[in-house]
Amino acid sequence: LLFTSPFFAQCKRGDAYISNGVFIKDSVINEVCNLWQNYLHSKPDSLYDNPYWNSAEKKQYKYFDLLTQSEINNVYMYLPYYPPSILSINREGEYYRIRTLYSEHDSIFSDPIAITNVYAKREDGKFKLYNSLPIATSNWRRHTIGSITFIHPQYHTFNEKLAVRLSQFVDSIAFQMGSPTRQAEFYFADTFDELMRAQGFDYYLGEGNNNPAAGYCDSKNVIMYGGGVNEWFPHEFVHLYAVPKFPGADNYFHEGIATLLGGTRGYSLDWLIRHADTLLTVNKDFRIDSAFAEGEWGKYADIDYITGSSYIFGGLICKMLIEKGGWELLKKFGSYQGKESRYRILQEEFGVERKDTGTFIRKKITEYARK
Ligand SMILES: [Zn+2]
């Protein structure tokens with residue numbers, strides 16, 4: 001009978017499945033459900049003045065739906081492959097929380113990529129959509145120092161000394177890049193999953209495990225996320241300034257400069273070099289040449305879990321460049337486009353032929369590690 005109800009039929013239009021647990025006979029629930037479905041059909045993965053989103057957040061954030069700027073990329077990009085199921089619509093104070101599962105199905109199992117939370121509230125009498133982040137973090141502590149607003153859960157005691165250190169670091173990066181400082185929001189917590197939760201991910205593919213220090217830079221909205229870190233979080237802030245300045249640069253430039261200046265996963269580049277030297281001494285069969293060529297995202301070519309190719313090799317190249325010719329030489333590498341530039345800069349500045357890259361890199365790792 002439920003399936004033949006006119007309310008259900010009305011709400012079923014489009015591609016979203018509505019769980020039988022969502023009581024759409026309630027006119028308000030139905031209105032919220034329709035709003036969300038309309039939004040899902042309004043090309044949410046592209047940026048325009050979307051009529052279903054609230055106006056305050058459209059003013060505050062350039063890419064106002066923060067689920068489009070996440071660790072797992074733009075969640076709506078997956079809609080054709082992971083169709084949405086609306087799981088629940090819960091009233092929470094003045095808001096309604098809409099929980100949606102994005103999942104692939106076969107006849108028996110479900111393979112979800114995410115469960116998201118988005119909120120609805122009336123604006124001038126009509127329901128509009130709201131991000132989870134400001135609602136979920138409304139009782140977090142906020143401190144503004146220089147260009148950065150530090151935002152953290154109440155269980156953390158703010159360390160002003162480290163915050164000042166980060167603020168000064170950011171000022172110096174901006175100066176070196178010749179960019180004005182950007183007013184940034186920096187959310188940090190004990191785990192990255194907490195931040196994803198706050199951003200609106202009830203679940204995401206890859207959550208949990210042995211969550212080490214991890215970060216994400218939403219460069220478009222100037223929001224930084226750091227999990228398992230404290231106020232001193234330089235790596236992602238390097239990206240915040242280097243990415244817009246050198247948008248076409250090789251990933252080895254971007255991860256290299258961020259690791260050189262800010263370390264990665266809580267380790268310094270020097271530590272990473274010593275660690276790689278030890279690993280490579282043990283693992284003599286490791287093919288540096290293919291790892292060096294591959295490592296666009298460091299995913300399949302990593303020496304180990306924490307030693308991603310772009311961090312160690314990119315970091316090494318950037319270190320050699322800054323020692324040889326300072327920031328100007330580093331920026332020259334950044335001005336080159338794409339993956340080929342890692343070979344081009346080694347050739348131009350250190351006379352390394354492409355076929356000798358692996359041997360050269362291995363030699364340099366040993367040199368720096370044993371200094
Ligand atoms: Zn990075």
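This one's a predicted model, so the numbers in the text were calculated from it and none came from an experiment. Every number for a ligand or one of its atoms is a count from 1 in the order of the listing.
The aromatic rings of His152 and Phe158 sit parallel to each other, their planes meeting at less than 30°, with 60° as the upper class boundary.
Within Glu255, the N/O/S atom positioned nearest the Zn ion (ligand 1) carries the name OE1.
Note on His239: counted as a metal contact of the Zn ion (ligand 1), an N/O/S atom lying under 2.8 Å. For the Zn ion (ligand 1), the N/O/S atoms of Glu236 include none lying under 2.8 Å. Not one N, O or S atom of His254 sits under 2.8 Å from the Zn ion (ligand 1).
With sequence neighbours excluded, no residue satisfies ring-ring contact (aromatic ring centres under 6.0 Å, His included) with Tyr241.
Counting only distance, with no hydrogens or angles, the side chain of Asp277 and the backbone of Ile365 share no donor-acceptor pair below 3.5 Å.
By the 6.0 Å and 45° rule, Lys43 does not stack over the aromatic ring of Tyr48.
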